[in-house]
Student: 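Have a look at this one before I ask anything.
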Amino acid sequence: MTPEIGQHDNARYAVPDVPALLDACDSVELKAVMAEAEGRRTAESLGFDLGKALTSQVYYLDTPGLALEAAGLIVRIRRTGDAGADATVRIRPADPAALDPELRRRKGFHVELDMVCDGFVCSASLKTRLAGATVQEAAAGRTPPGALFTPRQRRLFQNYAPHGVPLDGLSLFGPVLVRRLSGTARGWPHPLAVQLWEFPGEPLLELSTKIDAADAAASVARWPSFLDLHRVIPRLFRHTKAQTALRVSAPRPAYG
């Protein structure tokens with residue numbers, strides 16, 4: 001299954017109102033997603049050389065029936081060459097007011113507001129660093145998934161996972177190869193990231209920028225003009241990157 005896309009006319013790009021919950025977020029991420037050919041042209045025009053990108057192997061954990069996705073829970077492990085690896089538990093969408101205050105104060109816990117096209121969605125995530133070899137062992141089925149996550153991550157998982165779905169009983173999806181570059185471009189004062197997600201049959205490229213919540217309102221208003229300046233035309237995708245990865249990968253037991 002490939003993502004369903006439709007063209008978004010950037011000249012009529014509607015700037016959404018920044019939600020009131022922005023004050024409860026740590027940052028805002030603005031995104032523009034494109035099909036591969038158009039994305040490669042955009043990356044080149046912005047001065048990004050994808051030939052120099054770091055390549056990550058991205059895996060997701062879920063049940064074969066995608067019960068975690070249905071519950072708004074994303075569990076991901078990622079390995080980036082010699083640069084290391086990480087494991088993330090993410091709630092999307094998230095209600096900042098309903099989050100555990102003790103977890104909220106922990107290092108690595110992050111609440112973010114994502115803007116894609118003309119809407120926002122809030123997410124909350126807890127990430128920890130791993131050794132690359134640990135992810136390799138997990139991908140080979142020699143390490144139970146629970147061993148990759150910290151006690152606080154496991155607690156976050158248990159708080160949001162459907163009843164009776166254990167972390168060690170999940171299936172592994174992937175890997176999806178992701179090529180990533182960071183840099184700057186004319187007309188935008190914040191760092192930018194370019195990611196090429198090599199989904200079978202329909203790769204996509206995402207241009208994004210992360211901004212402190214304090215600067216969000218002005219940046220949201222300027223983002224469409226920046227895209228116009230560089231003739232970037234975002235596309236409307238039916239699924240998020242995580243949802244697409246779960247649909248283009250065949251699940252296999254994560255352990256045993």
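What you see is a predicted model, and the numbers here were worked out from it, not measured in a lab. The residues of the chain are indexed from 1 along the displayed sequence. The basis for the numbers below is simple: all heavy atoms, side chains too, and nothing from hydrogens, waters or symmetry mates.
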Student: Going from OG1 on T55 to CZ on R179, what distance comes out if it is rounded to the nearest 0.5 angstrom?
Tutor: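 Result: 4.0 Å between the selected atoms.
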Student: Determine whether L130 and V176 fall in the same hydrophobic cluster, where Ile, Leu, Val, Met, Phe, Trp and Tyr are linked whenever their side-chain heavy atoms lie under 4.5 Å apart.
Tutor: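 L130 and V176: separate clusters.
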Student: Is there a continuous path of hydrophobic side-chain contacts, each under 4.5 Å between heavy atoms, that joins F149 to L126?
Tutor: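 Same cluster: F149 reaches L126 through Ile, Leu, Val, Met, Phe, Trp or Tyr contacts under 4.5 Å.
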Student: Is there a continuous path of hydrophobic side-chain contacts, each under 4.5 Å between heavy atoms, that joins I74 to L156?
Tutor: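 Unlinked, I74 and L156 end up in two clusters.
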Student: For D26, what residues pass the side chain to side chain donor-acceptor pair (under 3.5 Å) criterion, not counting sequence neighbours?
Tutor: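 Partners of D26 under the side chain to side chain donor-acceptor pair (under 3.5 Å) test: R104.
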Student: Give a yes or no on whether L205 and L181 share a hydrophobic cluster (residues Ile, Leu, Val, Met, Phe, Trp, Tyr; joining criterion: side-chain heavy atoms under 4.5 Å apart).
Tutor: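 Both belong to a single hydrophobic cluster.
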Student: Should F109 and Y160 be counted in the same cluster of Ile, Leu, Val, Met, Phe, Trp and Tyr side chains packed under 4.5 Å apart?
Tutor: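 They do share one cluster, since a chain of ILVMFWY contacts under 4.5 Å joins F109 to Y160.
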Student: Could you give the distance from CZ (R247) to CZ (F173), rounded to the nearest 0.5 Å?
Tutor: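 It comes to 9.5 Å.
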Student: To the closest 0.5 Å, what do you measure between NZ (K31) and NZ (K241)?
Tutor: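 Interatomic distance, K31 NZ to K241 NZ, rounded to 0.5 Å: 4.0 Å.
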Student: Have E112 and S27 got a donor and an acceptor in their side chains that come within less than 3.5 Å?
Tutor: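 Judged by distance alone, the side chains do pair up.
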Student: Going by side chain to side chain contact (heavy atoms under 4.5 Å, CB included), name the residues that satisfy it together with N159, two or more places apart in sequence or in a different chain.
Tutor: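 Side chain to side chain contact (heavy atoms under 4.5 Å, CB included) check on N159 returns R155.
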Student: Restricting to ring pair (Phe, Tyr, Trp, His ring centres under 6.0 Å), what partner residues turn up for F226, sequence neighbours left out?
Tutor: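 Per chain and number, F226 pairs via ring pair (Phe, Tyr, Trp, His ring centres under 6.0 Å) with W188, W223, H230.
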Student: Give me the atom names and distance for the closest heavy-atom approach of R79 to A85.
Tutor: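 Closest approach of R79 to A85: CA-CB, 3.9 Å.
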Student: Using the rule given for salt bridge (charged side-chain N to carboxylate O under 4.0 Å, His left out), can you reason through E102 versus R106, listing the C-alpha separation, both sets of side-chain angles and the distance that settles it, and then say yes or no?
Tutor: CA-CA 7 Å; E102 193 274 334; R106 292 292 175 180; 2.6 Å; yes
Student: Does the side-chain contact (heavy atoms from CB on, under 4.5 Å) test come out yes or no for F48 and L192, once each step is laid out?
Tutor: CA-CA 10 Å; F48 290 90; L192 292 161; 4.1 Å; yes
Student: For a quick test of reading the model, state the closest non-hydrogen atom pair linking Q153 to A87 and the distance between them.
Tutor: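 So the two residues come closest at NE2-O, 2.9 Å.
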Student: Check T88 against S125 and note the closest heavy-atom contact, atom names and distance.
Tutor: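 Nearest pair, atom of T88 first, then S125: CG2-CB, 4.0 Å.
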